[in-house]
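Reminder, nothing fancy here: chain letters follow the sequence lines and each chain counts from 1.
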Amino acid sequence: MTIRVYNTLGGKKEPFEPIEEGKVRMYVCGPTVYDSSHIGHARSVVVFDVIARYLRAQSYDVTYVRNFTDVDDKIINRARELEVDSKTLAETYIDEFHKDMDLLKVLRADHEPKVTEHIDSIIKFITILIDRGCAYESGGDVFFAIDRFKDYGKLSGRNTEEMEAGARVGIDERKRNPLDFALWKAAKPGEPSWESPWGVGRPGWHIECSAMNYVFFGESFDIHGGGKDLIFPHHENEIAQSEGAFGKPMAKYWIHNGFVNIDREKMSKSLGNFLMIKDVLKHHHPEVIRLFLLSNHYRSPIDYSVKSMEEASSGLDKIYTLLERIEAETGPDTGKNPKGDYWNRFEDAMNDDFNTARGIGVIFEAVRNANRLLDEAGETPSPETLETVGAIRSDILEMGRILGLLSEPPAAYFEHRKIIRLQQTKADVKAIEQLVDERTAARKARDFQKADRIRDQLTDMGVTLEDRPDGVVWRMTK
RNA sequence: GGCGGCAUAGCCAAGUGGUAAGGCAGCGGUCUGCAAAACCGCUAUACACCGGUUCGAAUCCGGUUGCCGCCUCCA
């Protein structure tokens, strides 16, 4: 079964066949580190994390590179505002990015190059472009000459004549064509800068990716990813640079993820509704965030709201509740079960352009089926039932591994979730446990009125009770 | 203005021409002292609208309407 991937270049799904059999070279545009990472960064990073995990599970030898843009106007401006140097600022946010993404259980990329570590490669790359007549120096700046790359616009489906006619393009006298873009910018006083054949300066934005993926992958590689907004101009310009330099296709598959909206609105500076990962993590278990982000197809927009997060939370609880139930019967998963039918259906979903939404549907079906088998089995399930249920659990966990979900033992998950809720509501654990004990005593004495009164009180405190055969369990209500 | 995307039940959402996965919410039932959890049942008989292709379309084609994104170094 082959994987089919939607390729932005060409605009349709294609069979996935890496350039070199069995190997996948994947480059994803990482953040410009001038501020905390927001939920939109999380989506991009989680989506490509899942793609990398899945390709590895399909026995591909994946090399995953994700860069940090650590020199840029925004970083310089922000550093100036905060009166720190831009290197310090960038490093602060790189550390924060790692912290956020580690909490979100994102696996580290194999290489995380920074622009400032690859200035030499960038200068060499620009030199190649100048030598090939694709770029020109103008007063200490170097620009890419759009007219020298006839395929310009092939990724985003734009044509240059219409764009030149567009009112949005500003006139810059140093440029031969208004659409030409900067490869190298002459330094202004106080800015970070490096020596170059064109004087002191710093790289433009687009060139870093072309140069760095050349360093790791050479002239062509398999997957280039990023947010949809990067299609134009960023990725269009990367293609112009890399293909202009080498005359070979840059990346075979271009994959772009959709945006996260907040209450149906785009995150924007003017609305001031940027939602930072660290803030979402205060309210939600990391896997709730992942489940939410993966519950829509990666190319569709997804809407963040209190309600959608609560739904994701309910869903995750449901899965962990089953895992806990099975564990109580059979102990933890042995990891020895072969992959079953649910896994196969999950693979079908993932093979269809990484359709995690469909894959999650398979998980829920598996959960329902396992619950049903256990319900039907009654008090003492037969060994056969337990074996079947155990096999279903193995599939569920296997699917979870691809999505970066269900990685905690159920008890730890519920504890983790409880802690997050308690921090939010500032509820007093001791008080809760005391009330729970009082209610248990009342129930034992068959004083149900008192027991129910206490339970109502706990409900008001955001606590849900479950009276199980083996004792009372309390949880924080979503 | 140019390019692109989307429109599926109360809400979210998958759907690769053959009569609609899954989740959340709701209602009824089983279980329970009562609940909770779980399960079962019910909730789309015009898949935005209008045409067309086809034996057959949510799925393909054309058009209409409505939303949205990119074209501003925003994932």
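Rounding to whole angstrom units, NE2 of residue His206(A) and C1' of C71(B) are separated by 13 Å. Arg372(A) has its CZ atom 10 Å from the P atom of G22(B), to the nearest Å. Atom NE2 in His235(A) sits roughly 11 Å away from atom P in A75(B) (whole-Å rounding). Between the CG atom of Asp303(A) and the C1' atom of C67(B) there is a distance of 13 Å, given to the nearest Å. Remark: C1' of A14(B) and CE of Met350(A) are 14 Å apart, rounded to the nearest angstrom. Here U72(B) presents its C1' atom at 17 Å from CD of Glu236(A), a figure rounded to the nearest Å.
G33(B) has Phe448(A) stacked on its base ring, the centres lying under 5.5 angstrom apart and the planes within 30 degrees of parallel.
Between the CD1 atom in Ile277(A) and the CZ atom in Arg43(A) there is a gap of 13.5 Å [rounded to 0.5 Å].
When each of G15(B), A37(B), C39(B) is scored by its nearest atom to the side-chain atoms of Arg358(A), the top-ranked nucleotide is G15(B). Counting only heavy atoms from C-beta on, Arg446(A) has its side chain closest to G33(B) among G33(B), A36(B), G23(B). In the set C34(B), A75(B), C39(B), the nucleotide with an atom closest to the side chain of Val260(A) is A75(B). Taking only side-chain atoms of Arg455(A), from C-beta outward, the nucleotide of A35(B), C39(B), A75(B) with the closest atom is A35(B). Nearest to the side chain of Arg325(A), among A38(B), A37(B), C71(B), sits A38(B). Considering only the side chain of Glu365(A), G22(B) comes nearest among G22(B), A14(B), A75(B). Each of A21(B), C34(B), A38(B) was ranked by its minimum atom distance to the side chain of Arg345(A); first place goes to A21(B). Side-chain proximity of Asn371(A) to the nucleotides G15(B), C24(B), C39(B) is greatest for C39(B). Side-chain atoms of Arg439(A) lie closest to G33(B) of the nucleotides G22(B), A75(B), G33(B). Among the nucleotides A13(B), A35(B), U16(B), the one closest to any side-chain atom of Ala357(A) is A13(B).
When all heavy atoms of Lys105(A) and Glu287(A) are compared, the closest pair comes out as NZ-OE2, 2.7 Å. The two atoms that bring Ala370(A) and Ile392(A) nearest to each other are CB-CG2, 4.1 Å, heavy atoms only. The two residues Phe292(A) and Ser295(A) come nearest to each other via the heavy atoms O-OG, 2.7 Å. Closest non-hydrogen pair, Met26(A) versus Ala52(A), comes out as CE-CB, 3.9 Å.
Taking Pro15(A) as the reference, Arg4(A), Glu17(A) meet the side-chain contact (heavy atoms from CB on, under 4.5 Å) condition, with sequence neighbours excluded. For Phe354(A), there are no ring-ring contact (aromatic ring centres under 6.0 Å, His included) partners two or more places apart in sequence or in a different chain. Residues that satisfy the side-chain contact (heavy atoms from CB on, under 4.5 Å) test with Thr385(A), not counting sequence neighbours, are Leu373(A), Ala377(A), Pro381(A), Ser382(A), Val389(A). For the side-chain contact (heavy atoms from CB on, under 4.5 Å) test, residues two or more places apart in sequence or in another chain that qualify with Pro31(A) are Val33(A), His41(A), Phe68(A), Phe97(A).
For a distance-only test at 3.5 Å, the side chain of Arg368(A) fails to qualify as a donor-acceptor partner of the base of G22(B). You won't find any donor-acceptor pair under 3.5 Å spanning the side chain of Arg468(A) and the base of U32(B), going by distance alone.
Straight-line distance between the P atoms of G62(B) and C3(B): roughly 14 Å, to the nearest whole Å. When the C1' atom is compared between A20(B) and G63(B), the two are found 26 Å apart, to the nearest whole Å. Comparing the P positions of U72(B) and C67(B) gives an interatomic distance of 24 Å, to the nearest angstrom. A gap of 16 Å separates the P atoms of C40(B) and C31(B), to the nearest Å. Between the C1' atoms of A48(B) and A36(B), the separation comes to 41 Å (whole Å). A gap of 13 Å separates the P atoms of A21(B) and U43(B), to the nearest Å. When the P atom is compared between C11(B) and G51(B), the two are found 26 Å apart, to the nearest whole Å. G17(B) sits 23 Å from A13(B) when the P atoms are compared, rounded to a whole Å.
The side-chain heavy atoms of Tyr413(A) and Ile319(A), taken from C-beta on, include no pair separated by under 4.5 Å.
Glu408(A) and His416(A) share a side-chain donor-acceptor pair at under 3.5 Å.
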*Do nucleotides 2-11 of chain B as a string where each nucleotide becomes B, S or -: B if the base has a protein heavy atom under 4.0 Å, S if just the sugar-phosphate does, - if no protein is that close.*
BS-------S
*Once Watson-Crick and G-U wobble pairs under 3.5 Å are found, how is RNA chain B written in dot-bracket notation, 5' to 3', with | for any base paired to another strand?*
((((((((.[[[..)..(...]]].(((((.......))))).....[[[[[..)....]]]]])))))))....
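When the nearest nucleotides of RNA chain B are assigned to Ala312(A) and Ser295(A) by heavy-atom distance, the more 5′-ward of the two goes with Ser295(A).
Considering only side-chain N and O atoms, Asn296(A) lies under 4.0 angstrom from the phosphate OP1 or OP2 of A13(B). Contact between the side-chain N/O atoms of Asn261(A) and the OP1/OP2 oxygens of C68(B) is not found at any separation under 4.0 Å. Of the side-chain N and O atoms in Asn355(A), none sit less than 4.0 angstrom from OP1 or OP2 of A14(B).
Using cut-offs of 30° and 60° on the angle between ring planes, the pair His234(A) and His206(A) is tilted.
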